[in-house]
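Bear in mind that the values here come from a model prediction, so they are computed numbers and not experimental data. The chain is numbered in sequence order, starting from 1.
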Amino acid sequence: VMQQNSTGRVFVLPNFFFYFTNNGATGLRFDFPLTSVNDLEVINNTEFVELIKTFIDQSQLPPANIIIVLSNTVCFDRNFSPLTQNILEEEISQFLENVPFENTETKRFANENGIKVVVANKDFYTSIKSAFERKKFVVEGVSTSFAIGDILGDQTNLTPQAVAALFEKYNLFKQSSFLASEKPTP
């Protein structure tokens, strides 16, 4: 009999992430070493992935189905008011050109004022994702806290209610996952 995988959430902030399991509100914290990540740029991918794997081992985390949630502080975002399609696309592409990452993934969220465009550093979240995958975790999605509005409150200090929301809002995270829009690499 296959044991049912537990579920987890990796909540990513600029200098560390928290790992939450579905049976506890206290997160395990992993601090990013400056030698491998600086300003959301992965400067040593091998080291970063290895250190996350070591963290998983030392924390004795069993493989789980996880969603990686990028906090609003690790994404660039901008609101665009409803404009004609051409102007809108022009403004969005100008915004994207100013994002300081080489390799990005973008999501658009409709809101009452138009559109919020959210950009993440793909290299950054891919490193975290691959570390967990190498430890037999199943990454079901990589999303952002923007997917669930302002529910989380102060994202540097999540309340137990906010942690619960990370699990309850599964469908919204899944629908807004960056992975869903990624083109398969040839």
Side-chain angles (χ1 to χ4, degrees), residues 5-77 99-107 118-148 150-170 173 176-179 182:
N5 253 2
S6 57
T7 58
R9 295 290 179 271
V10 180
F11 188 68
V12 184
L13 290 134
N15 302 312
F16 57 92
F17 68 62
F18 281 114
Y19 183 84
F20 296 102
T21 58
N22 53 345
N23 54 10
T26 47
L28 295 165
R29 178 173 165 154
F30 172 78
D31 287 285
F32 305 150
L34 285 171
T35 48
S36 51
V37 177
N38 198 349
D39 273 341
L40 307 177
E41 290 282 8
V42 179
I43 45 186
N44 185 335
N45 184 58
T46 311
E47 177 188 72
F48 191 40
V49 169
E50 283 309 312
L51 288 167
I52 295 172
K53 285 163 59 185
T54 303
F55 162 80
I56 293 168
D57 289 339
Q58 288 174 346
S59 308
Q60 297 179 319
L61 298 176
N65 289 12
I66 63 172
I67 288 182
I68 297 170
V69 180
L70 306 175
S71 74
N72 56 16
T73 51
V74 300
C75 299
F76 283 79
D77 69 288
V99 171
F101 306 131
E102 279 173 50
N103 199 357
T104 59
E105 202 62 56
T106 304
K107 270 285 167 214
V118 178
V119 189
N121 180 348
K122 187 173 175 179
D123 296 331
F124 178 59
Y125 73 69
T126 301
S127 296
I128 298 171
K129 175 176 175 275
S130 64
F132 277 92
E133 286 174 339
R134 288 183 199 177
K135 297 307 270 177
K136 306 277 185 276
F137 285 68
V138 176
V139 178
E140 292 191 50
V142 177
S143 186
T144 76
S145 57
F146 291 110
I148 58 171
D150 298 328
I151 298 174
L152 298 179
D154 173 10
Q155 298 196 359
T156 52
N157 190 8
L158 294 183
T159 63
Q161 293 86 337
V163 174
L166 289 177
F167 288 91
E168 288 158 11
K169 301 297 176 186
Y170 172 84
F173 288 130
S176 63
S177 173
F178 289 115
L179 307 183
E182 284 183 10

Y170 side, atom OH; S143 side, atom OG - distance, nearest 0.5 Å: 12.0 Å
Partners meeting salt bridge (Lys or Arg N to Asp or Glu O under 4.0 Å) with R29 (sequence neighbours left out): D31
Under the ring pair (Phe, Tyr, Trp, His ring centres under 6.0 Å) test, residues paired with F146 that sit two or more places apart: none
Gap between atom CD of E41 and atom CG of N103 - 0.5 Å precision: 10.0 Å
Qualifying residues under salt bridge (Lys or Arg N to Asp or Glu O under 4.0 Å), relative to D39, sequence neighbours excluded: none
V12 and I68, any side-chain heavy atoms less than 4.5 Å apart: yes
F178 versus V118, closest heavy-atom pair with distance: CE2-O, 4.3 Å
L179 backbone acceptor or donor facing S177 side chain under 3.5 Å: yes
Intermediate values then yes/no, side-chain contact (heavy atoms from CB on, under 4.5 Å), S6 and N22: CA-CA 7 Å; S6 57; N22 53 345; 4.1 Å; yes
Closest heavy-atom pair and its distance - F137, I66: CD2-CG2, 3.7 Å
Derivation and outcome, side-chain contact (heavy atoms from CB on, under 4.5 Å), residues I128 and I52: CA-CA 7 Å; I128 298 171; I52 295 172; 4.1 Å; yes
N121 (side chain) donor-acceptor with F101 (main chain) under 3.5 angstrom: no
Pairing residues for S145 by the side chain to side chain donor-acceptor pair (under 3.5 Å) criterion, not counting sequence neighbours: Q155
Sequence-distant partners of T73, side chain to side chain donor-acceptor pair (under 3.5 Å), two or more places apart: S71
Close aromatic pair by centroid cut-off 6.0 Å: F55 and Y19: no
Minimum-distance pair of heavy atoms, taken over all atoms of L70 and A120: CD1-CB, 3.6 Å
Within-4.5 Å side-chain heavy-atom neighbours: L166 and I67: no
Over all atoms of both residues, closest heavy-atom pair of F76 and P100: CZ-CD, 3.4 Å
Side chain to side chain donor-acceptor pair (under 3.5 Å) partners for N44, two or more places apart: none
Heavy-atom closest contact (L51 atom, P33 atom, distance): CD1-CG, 3.3 Å
E133: partners by salt bridge (Lys or Arg N to Asp or Glu O under 4.0 Å), with sequence neighbours left out: K129
OG1 on T106 to CG on D77, rounded to 0.5 Å: 12.0 Å
Pairwise distance CG(L34) to CZ(F32) - rounded to 0.5 angstrom: 11.0 Å
V138 side chain reached by P63 side chain, heavy atoms, under 4.5 Å: no
Test side chain to side chain donor-acceptor pair (under 3.5 Å) applied to N45 - qualifying residues, sequence neighbours left out: S127
Approximate separation, where rounding is to 0.5 Å, of R134 CZ and I56 CD1: 11.0 Å
Closest heavy-atom pair and its distance - P14, V74: N-CG1, 3.4 Å
Chi angles and distances behind the side-chain contact (heavy atoms from CB on, under 4.5 Å) call for F48, I43: CA-CA 9 Å; F48 191 40; I43 45 186; over 6 Å; no
I148 and V69: CA distance, side-chain angles, deciding distance, side-chain contact (heavy atoms from CB on, under 4.5 Å) verdict: CA-CA 11 Å; I148 58 171; V69 180; over 6 Å; no
Any pair counted as salt bridge (charged side-chain N to carboxylate O under 4.0 Å, His left out), so long as it reaches residues 54-67, sequence neighbours left out: D57-K135
Residues that F11 engages under ring pair (Phe, Tyr, Trp, His ring centres under 6.0 Å), provided they are two or more places apart: none
Mutual orientation of the aromatic rings belonging to F18 and F16 [parallel < 30°, tilted 30-60°, perpendicular > 60°]: perpendicular
From T104 atom OG1 to Y125 atom OH, the distance as rounded to the nearest 0.5 Å: 8.5 Å
For E47, salt bridge (Lys or Arg N to Asp or Glu O under 4.0 Å) partners two or more places apart: none
Qualifying salt bridge (charged side-chain N to carboxylate O under 4.0 Å, His left out) pairs with a residue from residues 60-73, counting only residues at least two apart or across chains: none
